[in-house]
Amino acid sequence: MNIEETLTTLRKELDPFNCKLIAVSKTKPAQAIMQAFDSGQRDFGENKVQELVTKHETLPKEISWHMIGHLQTNKVKLIAPFVHLIHAVDSRKLLATINKEAIKNDRVIDCLLQMHIAREDSKFGLNQNELMTLLDEVAAGKFGHVKIKGLMGMATNTYNEEQVSEEFRGLNNLLLSLQSKYHSNNIDLTELSIGMSGDYKLALQQGSTMVRIGSTIFGQRSYP
(Lines give C-alpha, C1' and ligand atoms only; values in the text may rest on other atoms or scores of the structure.)
Protein backbone atom coordinates (compact mmCIF):
# COMPACT_ATOMS: atom_id res chain seq x y z
CA MET A 1 0.00 0.00 0.00
CA ASN A 2 1.09 3.56 -0.58
CA ILE A 3 1.12 6.23 2.13
CA GLU A 4 -2.41 7.45 1.40
CA GLU A 5 -3.88 3.94 1.48
CA THR A 6 -2.01 3.07 4.67
CA LEU A 7 -3.27 6.22 6.43
CA THR A 8 -6.84 5.45 5.39
CA THR A 9 -6.55 1.93 6.77
CA LEU A 10 -5.01 3.14 10.03
CA ARG A 11 -7.69 5.77 10.57
CA LYS A 12 -10.40 3.14 10.16
CA GLU A 13 -8.66 1.10 12.87
CA LEU A 14 -8.19 4.03 15.23
CA ASP A 15 -11.51 5.84 14.87
CA PRO A 16 -13.58 3.38 16.97
CA PHE A 17 -11.11 3.94 19.83
CA ASN A 18 -11.11 7.75 19.46
CA CYS A 19 -7.34 7.50 19.14
CA LYS A 20 -5.17 10.11 17.39
CA LEU A 21 -2.51 9.07 14.90
CA ILE A 22 0.92 10.64 15.31
CA ALA A 23 2.81 9.94 12.08
CA VAL A 24 6.44 9.44 13.10
CA SER A 25 8.38 11.19 10.36
CA LYS A 26 11.89 10.97 11.81
CA THR A 27 14.51 10.44 9.08
CA LYS A 28 11.84 10.76 6.41
CA PRO A 29 12.21 13.26 3.56
CA ALA A 30 9.87 16.18 3.00
CA GLN A 31 8.35 14.48 -0.04
CA ALA A 32 7.06 11.56 2.04
CA ILE A 33 5.73 13.89 4.74
CA MET A 34 3.92 15.95 2.11
CA GLN A 35 2.28 12.81 0.75
CA ALA A 36 0.89 12.17 4.21
CA PHE A 37 -0.05 15.83 4.63
CA ASP A 38 -1.90 15.84 1.31
CA SER A 39 -3.79 12.77 2.55
CA GLY A 40 -5.07 14.77 5.52
CA GLN A 41 -2.47 13.91 8.18
CA ARG A 42 -1.64 16.88 10.43
CA ASP A 43 0.11 15.43 13.50
CA PHE A 44 3.74 14.40 12.98
CA GLY A 45 6.32 13.17 15.48
CA GLU A 46 10.08 13.70 15.52
CA ASN A 47 12.73 12.53 17.97
CA LYS A 48 15.68 14.78 17.00
CA VAL A 49 15.43 18.47 17.77
CA GLN A 50 17.45 19.80 14.84
CA GLU A 51 15.52 17.70 12.34
CA LEU A 52 12.26 18.88 13.91
CA VAL A 53 13.31 22.54 13.65
CA THR A 54 14.34 22.16 10.01
CA LYS A 55 11.09 20.48 9.06
CA HIS A 56 9.03 23.07 10.93
CA GLU A 57 10.78 25.81 8.97
CA THR A 58 10.29 24.22 5.56
CA LEU A 59 6.98 22.36 5.73
CA PRO A 60 3.38 23.68 6.03
CA LYS A 61 2.57 25.65 9.16
CA GLU A 62 -0.68 23.69 9.56
CA ILE A 63 1.37 20.75 10.82
CA SER A 64 1.24 20.05 14.57
CA TRP A 65 4.73 18.90 15.56
CA HIS A 66 5.15 16.42 18.41
CA MET A 67 8.51 15.92 20.12
CA ILE A 68 8.46 12.22 20.92
CA GLY A 69 12.11 11.45 21.66
CA HIS A 70 14.36 12.03 24.66
CA LEU A 71 14.75 15.80 24.99
CA GLN A 72 17.89 17.43 26.35
CA THR A 73 17.36 20.56 28.41
CA ASN A 74 19.76 22.64 26.29
CA LYS A 75 17.64 21.94 23.17
CA VAL A 76 14.27 22.99 24.60
CA LYS A 77 14.73 26.63 23.54
CA LEU A 78 14.88 25.57 19.88
CA ILE A 79 11.40 24.02 19.84
CA ALA A 80 9.65 26.08 22.53
CA PRO A 81 8.29 28.68 20.07
CA PHE A 82 6.25 26.17 18.08
CA VAL A 83 6.10 22.61 19.43
CA HIS A 84 2.55 21.28 19.78
CA LEU A 85 3.14 18.56 22.39
CA ILE A 86 6.22 17.22 24.16
CA HIS A 87 5.63 13.52 24.83
CA ALA A 88 8.71 12.52 26.80
CA VAL A 89 9.09 14.73 29.87
CA ASP A 90 11.12 12.41 32.08
CA SER A 91 12.55 14.67 34.81
CA ARG A 92 11.76 17.66 36.96
CA LYS A 93 14.75 19.49 35.49
CA LEU A 94 13.35 19.09 31.97
CA LEU A 95 9.89 20.28 32.99
CA ALA A 96 11.41 23.32 34.71
CA THR A 97 13.37 24.16 31.56
CA ILE A 98 10.28 23.81 29.36
CA ASN A 99 8.42 26.13 31.72
CA LYS A 100 11.24 28.70 31.57
CA GLU A 101 11.35 28.67 27.77
CA ALA A 102 7.55 28.80 27.56
CA ILE A 103 7.60 31.99 29.62
CA LYS A 104 10.11 33.52 27.19
CA ASN A 105 7.79 32.68 24.29
CA ASP A 106 4.60 33.75 26.10
CA ARG A 107 3.16 30.25 25.68
CA VAL A 108 1.75 27.41 27.71
CA ILE A 109 3.39 24.26 26.37
CA ASP A 110 1.46 20.99 26.51
CA CYS A 111 3.44 18.06 27.90
CA LEU A 112 3.10 14.37 28.70
CA LEU A 113 5.02 12.82 31.58
CA GLN A 114 6.97 9.76 30.48
CA MET A 115 6.75 6.80 32.81
CA HIS A 116 9.28 3.97 32.89
CA ILE A 117 7.12 0.90 32.26
CA ALA A 118 9.50 -1.37 30.33
CA ARG A 119 11.66 -4.09 31.83
CA GLU A 120 14.66 -2.44 30.21
CA ASP A 121 17.09 -0.06 31.89
CA SER A 122 17.79 1.69 28.58
CA LYS A 123 14.32 3.25 28.48
CA PHE A 124 13.80 6.67 30.05
CA GLY A 125 10.98 7.64 32.37
CA LEU A 126 9.78 8.58 35.83
CA ASN A 127 8.88 6.20 38.61
CA GLN A 128 5.61 6.65 40.49
CA ASN A 129 7.11 8.58 43.39
CA GLU A 130 8.75 11.04 41.01
CA LEU A 131 5.48 11.35 39.08
CA MET A 132 3.41 12.16 42.16
CA THR A 133 5.95 14.69 43.41
CA LEU A 134 5.97 16.43 40.04
CA LEU A 135 2.17 16.50 39.77
CA ASP A 136 1.92 17.91 43.30
CA GLU A 137 4.25 20.74 42.29
CA VAL A 138 2.32 21.50 39.11
CA ALA A 139 -0.98 21.41 41.01
CA ALA A 140 0.48 23.90 43.50
CA GLY A 141 1.21 26.32 40.65
CA LYS A 142 4.95 25.72 40.49
CA PHE A 143 5.10 25.54 36.69
CA GLY A 144 2.52 27.97 35.34
CA HIS A 145 3.52 27.79 31.68
CA VAL A 146 3.22 24.06 31.12
CA LYS A 147 0.09 21.95 30.96
CA ILE A 148 0.28 18.27 31.83
CA LYS A 149 -2.02 16.51 29.38
CA GLY A 150 -1.37 12.91 30.40
CA LEU A 151 1.19 10.10 30.38
CA MET A 152 3.45 8.47 27.85
CA GLY A 153 5.18 5.10 27.96
CA MET A 154 7.23 2.69 25.88
CA ALA A 155 6.74 -1.02 26.43
CA THR A 156 9.50 -3.60 26.57
CA ASN A 157 10.84 -4.57 23.16
CA THR A 158 9.62 -8.16 23.20
CA TYR A 159 7.47 -10.58 21.24
CA ASN A 160 5.61 -11.39 24.46
CA GLU A 161 2.28 -9.70 23.77
CA GLU A 162 0.95 -10.52 27.23
CA GLN A 163 3.84 -8.65 28.82
CA VAL A 164 3.37 -5.62 26.55
CA SER A 165 -0.36 -5.55 27.24
CA GLU A 166 0.32 -5.76 30.97
CA GLU A 167 2.71 -2.80 30.82
CA PHE A 168 0.25 -0.72 28.83
CA ARG A 169 -2.65 -1.70 31.09
CA GLY A 170 -0.70 -0.70 34.18
CA LEU A 171 -0.04 2.75 32.74
CA ASN A 172 -3.68 3.21 31.79
CA ASN A 173 -4.79 2.19 35.28
CA LEU A 174 -2.31 4.66 36.76
CA LEU A 175 -3.70 7.45 34.57
CA LEU A 176 -7.26 6.64 35.55
CA SER A 177 -6.33 6.66 39.24
CA LEU A 178 -4.74 10.10 38.89
CA GLN A 179 -7.64 11.71 37.04
CA SER A 180 -9.80 12.00 40.15
CA LYS A 181 -6.93 13.35 42.26
CA TYR A 182 -5.38 15.90 39.94
CA HIS A 183 -7.24 18.48 37.91
CA SER A 184 -6.31 22.15 37.67
CA ASN A 185 -5.64 24.86 35.12
CA ASN A 186 -2.31 23.18 34.39
CA ILE A 187 -3.29 19.53 34.74
CA ASP A 188 -5.75 17.80 32.40
CA LEU A 189 -4.94 14.09 32.42
CA THR A 190 -6.79 12.96 29.32
CA GLU A 191 -4.05 11.65 27.02
CA LEU A 192 -2.29 8.29 27.02
CA SER A 193 0.48 8.06 24.44
CA ILE A 194 1.24 4.36 24.08
CA GLY A 195 1.71 2.15 21.06
CA MET A 196 4.01 2.16 18.03
CA SER A 197 4.04 0.29 14.72
CA GLY A 198 4.78 -3.07 16.34
CA ASP A 199 2.36 -2.89 19.27
CA TYR A 200 -0.29 -0.26 18.57
CA LYS A 201 -3.10 -2.81 18.32
CA LEU A 202 -2.33 -3.95 21.85
CA ALA A 203 -2.19 -0.31 22.97
CA LEU A 204 -5.65 0.38 21.53
CA GLN A 205 -7.06 -2.38 23.71
CA GLN A 206 -5.47 -0.76 26.77
CA GLY A 207 -6.83 2.76 26.42
CA SER A 208 -4.37 4.53 24.12
CA THR A 209 -5.48 7.99 22.95
CA MET A 210 -2.37 8.53 20.79
CA VAL A 211 -0.31 6.04 18.83
CA ARG A 212 3.09 6.91 17.40
CA ILE A 213 3.43 5.10 14.08
CA GLY A 214 6.28 5.50 11.60
CA SER A 215 7.49 2.45 9.70
CA THR A 216 3.96 1.17 9.02
CA ILE A 217 3.23 4.43 7.19
CA PHE A 218 6.56 5.37 5.64
CA GLY A 219 8.44 2.09 5.47
CA GLN A 220 11.65 1.29 7.29
CA ARG A 221 14.13 4.02 8.15
CA SER A 222 15.61 5.36 4.93
CA TYR A 223 18.77 6.90 6.40
CA PRO A 224 20.43 7.06 9.86
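Judged by distance alone, with hydrogens and angles left aside, the side-chain atoms of S165 form no donor-acceptor pair with the main-chain N or O of E162 at under 3.5 Å. Proximity of a side-chain donor or acceptor of R107 to a complementary backbone N or O of A80 within less than 3.5 Å is detected. Between the side chain of N173 and the backbone N or O of G170 there is no donor-acceptor pair closer than 3.5 Å. In terms of modelled atom types and a separation under 3.5 Å, the side chain of R11 and the main chain of L21 share no donor-acceptor contact. Here the side chain of S184 pairs no donor or acceptor atom with the backbone of A139 at under 3.5 angstrom. Within the 3.5 Å criterion, the main-chain N or O of T158 finds no donor-acceptor partner in the side chain of Q163. For the pair R42 (side chain) and F37 (backbone), a donor-acceptor distance under 3.5 Å is present. Counting only distance, with no hydrogens or angles, the side chain of Q114 and the backbone of F124 share a donor-acceptor pair below 3.5 Å. In this structure a side-chain-to-backbone donor-acceptor pair under 3.5 Å is present from E5 to N2. Between the side chain of K55 and the backbone N or O of K28, at least one donor-acceptor pair lies under 3.5 Å.
For N127, the CG atom sits in a packed shell: over 12 heavy atoms of surrounding residues, nucleotides or ligands are nearer than 6.0 Å. Other residues, nucleotides and ligands place more than 12 heavy atoms under 6.0 Å from the CG atom of N74. The neighbour count for N185 CG, taken as heavy atoms of other residues, nucleotides or ligands under 6.0 Å away, does not exceed 12. Atom CD of E13 has more than 12 neighbouring heavy atoms from other residues, nucleotides or ligands inside a 6.0 Å radius. Enclosure of atom CD in E4 is not indicated, since only 12 or fewer non-hydrogen atoms of other residues, nucleotides or ligands lie within 6.0 angstrom.
With respect to I148, the side chain to side chain contact (heavy atoms under 4.5 Å, CB included) criterion is satisfied by exactly one of L135, N186, L178: L135.
Here the CG-CE distance, from L59 to M34, works out to 7.0 Å after rounding to the nearest 0.5 Å. Once rounded to the nearest 0.5 Å, the distance linking CD1 of I213 with OG of S25 reads 13.5 Å. Separating the NZ atom in K20 from the OG atom in S193 is a distance of 11.0 Å, to the nearest 0.5 Å. The CG atom of L95 lies 13.5 Å from the NZ atom of K93; values are rounded to the nearest 0.5 Å. In this structure, R212 CZ and H87 NE2 are separated by 7.0 Å, a value rounded to the nearest 0.5 Å. Residue F168 holds its CZ atom at 5.0 Å from CD1 of I194, rounded to the nearest 0.5 Å.
Using a 4.5 Å heavy-atom threshold, the side chains of F82 and N105 count as separate. Taking the side chain as every heavy atom from C-beta outward, V49 and M67 approach each other to under 4.5 Å.
Pairs passing the salt bridge (Lys or Arg N to Asp or Glu O under 4.0 Å) check and including a residue from residues 59-87, sequence neighbours excluded, do not occur. Here salt bridge (Lys or Arg N to Asp or Glu O under 4.0 Å) pairs that include residues 180-194, with residues two or more places apart or in two chains, are K149-D188. Pairs of residues two or more places apart, or lying in two chains, that qualify as side chain to side chain donor-acceptor pair (under 3.5 Å) and include a residue from residues 133-148 are R92-E137, D136-Y182.
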**Item:** Steps toward side chain to side chain contact (heavy atoms under 4.5 Å, CB included) verdict (V24, F218)
**Value:** CA-CA 8 Å; V24 179; F218 297 108; 5.9 Å; no
**Message:** Show, in sequence, the C-alpha distance, side-chain angles and deciding distance for L174 and I117, and conclude whether the side chain to side chain contact (heavy atoms under 4.5 Å, CB included) test is met.
**Reply:** CA-CA 11 Å; L174 175 61; I117 62 172; over 6 Å; no
**Residue pair K201, Q205: steps toward the side chain to side chain contact (heavy atoms under 4.5 Å, CB included) verdict** = CA-CA 7 Å; K201 293 184 180 182; Q205 298 295 330; over 6 Å; no
**Message:** Between L10 and Y200, does the side chain to side chain contact (heavy atoms under 4.5 Å, CB included) criterion hold? Intermediate values first, please.
**Reply:** CA-CA 10 Å; L10 281 170; Y200 76 90; 3.5 Å; yes
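In this structure, L175 is not a member of the same hydrophobic cluster as M210, with clusters built from ILVMFWY side-chain heavy atoms closer than 4.5 Å. Put simply, I217 and L52 are part of the same group of oily side chains (I, L, V, M, F, W, Y) that touch within less than 4.5 Å, one to the next. Cluster membership check: I33 does not share its hydrophobic cluster with M196, using side-chain heavy-atom separations under 4.5 Å among Ile, Leu, Val, Met, Phe, Trp and Tyr. Hydrophobic clustering, with ILVMFWY side chains joined whenever heavy atoms are under 4.5 angstrom apart, groups M154 together with L112. Under a hydrophobic clustering in which Ile, Leu, Val, Met, Phe, Trp and Tyr are joined whenever their side-chain heavy atoms come within less than 4.5 Å, directly or via other members, L189 and I86 fall into the same cluster.
Summarising the geometry of I22 relative to G45, their closest heavy-atom pair is CG2-N, 3.7 Å, with the distance given to 0.1 Å. For A118 against A155, the heavy-atom pair with the smallest separation is CB-C, 3.8 Å. Residues D90 and L94 come closest through the heavy atom pair OD1-CD2, 3.8 Å. Here the shortest heavy-atom pairing between S197 and G214 reads OG-N, 3.4 Å. What you find for C111 and V89 is that their closest heavy atoms are CB-CG2, 3.8 Å. Pairing each heavy atom of L204 with each of F17, the nearest pair is O-CD2, 3.5 Å.
No salt bridge links R169 with E166; every basic N to acidic carboxylate O contact stays at or beyond 4.0 Å.
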